[in-house]
Amino acid sequence: MSDVIIIGAGPAGLQAALTLGRMHRSALVVDSGEYRNGTVLHMHNVVTNDGTAPAEFRATARAQLQQYDTIELRQGRVSAVSPADGGFTVRFEDGTVEHAPRVMLTTGMRDDLPDVAGLAELWGVRAFNCPFCDGHEFAGRTVGVLGAERAEHIVRMLRPIGVSIVVFDDGALDDDRRAELESLGAVVHRAPVTSVAPDGEGVRVAAGTAVGVDGLFVTNAAMRQRAPFADQLGLRMLPSGAIEIDEMGRTSLAGVSAAGDLAHRASVPGVMAAVTLAAAAGQLAAIGIVQELAMG
């Protein structure tokens, strides 16, 4: 029996496993093969890995984890997690059952995109949600901002990068907000966006008329838990849809930790989706487990 079963093998889960392995604590890491940044071609704003493909990052991490005898990596999908006998039962879709005294959830969030034809095909390639991750690549070019939610915030963040900005009004902007965006130098298109499609190296946006931009930032994508385990375990949730954790990644249920963008502290205003932040959260959660194990 492992000390902990880590469900999810993105940056948070892989870093947690590395931390546990280096302390000779045992962990089973379950990799479903699905990742929030699975469509992304290159990671950015990741020190020493700026421009690295996420798949390459994960492959390197898995190869390095092979050096630690206490860490087991398993491809598979978990269907259910439940408390049992002072620990937890983890059931796999193939019928396999594993038990451990602790569980760490690192399955991440899922982006529910607005209903715009063609957007899913561009997600992570020419359509994004994070200026920190993808804004720099559009310096001196034209970007579109899709959706009124947080439009002003995104425009203010992108302005210093030196982009031309087109905001596509989804019908939620009143005259005052349109005027504010225009005062910031943005061009506002009031017609709703019906579809987006690749156009050379850019994007063709159908919004009453065809508008060409080099890339899109989407402000109205909703986020939800990628997996059902928080509900199954009855964990306390935050208004953001994320699991509530303490400083060391512990959830409201003893023995269950969570790390990555699926969880945050109540003092943080929302989900922080970034590779380095996820890895840091995984490390903190693993340190918390090691400390608990050391205390007996």
Side-chain angles (χ1 to χ4, degrees), residues 11 36-57 111 113-114 116-170 172-173 176-221 223 261 270-278:
R36 188 178 183 187
N37 65 357
T39 63
V40 174
L41 300 179
H42 304 98
M43 303 183 308
H44 294 290
N45 201 28
V46 181
V47 65
T48 78
N49 281 283
D50 193 32
T52 300
E56 180 183 343
F57 176 91
D111 295 296
L113 300 178
V116 174
L119 183 59
E121 290 74 17
L122 294 179
W123 190 242
V125 181
R126 301 183 191 182
F128 313 95
N129 67 350
C130 175
F132 289 102
C133 303
D134 299 290
H136 168 75
E137 281 63 43
F138 293 100
R141 302 167 72 185
T142 300
V143 297
V145 176
L146 180 59
E149 186 177 350
R150 299 189 305 116
E152 294 92 337
H153 178 67
I154 295 295
V155 169
R156 290 179 183 277
M157 291 181 69
L158 289 172
R159 286 180 71 202
I161 295 174
V163 298
S164 299
I165 303 172
V166 181
V167 175
F168 295 96
D169 184 353
D170 57 8
L173 291 175
D176 289 341
R177 290 186 66 195
R178 290 191 187 98
E180 180 181 357
L181 287 166
E182 290 170 348
S183 73
L184 294 172
V187 175
V188 179
H189 277 263
R190 301 189 177 193
V193 173
T194 55
S195 68
V196 295
D199 185 15
E201 295 184 355
V203 179
R204 184 178 67 257
V205 181
T209 185
V211 181
V213 295
D214 294 299
L216 281 173
F217 284 89
V218 181
T219 71
N220 55 352
M223 289 182 294
D261 60 1
V271 172
M272 305 290 280
V275 170
T276 49
L277 293 174

Heavy-atom closest contact (Ala120 atom, Leu113 atom, distance) = CA-CD1, 3.7 Å
When rounded to the nearest 0.5 angstrom, what is the spacing between CG in Leu119 and CG in Leu146?
-> 6.5 Å
Determine the sole option in Val145, Val205, Val143, Val196 for which the side chain to side chain contact (heavy atoms under 4.5 Å, CB included) test with Val213 is passed.
-> Val205
Spacing of CD1 belonging to Ile154 relative to CG belonging to Leu184, to within rounding of 0.5 Å | 12.5 Å
Exam field: side chain Arg178 to backbone Leu173, donor-acceptor pair closer than 3.5 Å = yes
Report yes or no: does Arg126 contribute a side-chain atom to a donor-acceptor pair with the main-chain N or O of Pro198 at less than 3.5 Å?
-> no
Side chain of Asp214, backbone of Gly202: donor and acceptor closer than 3.5 Å?
-> no
Of all heavy-atom pairs between His42 and Val40, which one has the smallest distance, and what is that distance?
-> O-CG1, 3.2 Å
Is there a donor-acceptor pair closer than 3.5 Å between any side-chain N or O of Asp50 and the backbone N or O of Asn45?
-> yes
Do Glu152 and Glu180 come close enough that some side-chain heavy atom pair is under 4.5 Å?
-> yes
Of all the heavy-atom pairs spanning Leu158 and Val163, show the shortest one and how long it is.
-> O-CG2, 3.7 Å
Mind listing the closest non-hydrogen atom pair of Asp111 and Arg36 along with its distance?
-> OD1-NH2, 2.7 Å
Inter-residue atom distance Ile165.CD1 - Arg141.CZ, 0.5 Å rounding = 14.0 Å
When you measure from the side chain of Thr219 to the backbone N and O of Gly147, does any donor-acceptor pair fall under 3.5 Å?
-> yes
So, for Ala127 and Val218, which heavy atoms are closest and what is the spacing to 0.1 Å?
-> CB-CG2, 4.5 Å
Geometric class of the Phe217/Phe128 ring pair [parallel <30°, tilted 30-60°, perpendicular >60°] | tilted
CE of Met272 to SG of Cys130, rounded to nearest 0.5 Å, is 9.5 Å
Search all heavy atoms of Pro54 against all heavy atoms of Met43 and return the closest pair with its distance.
-> CG-CG, 3.6 Å
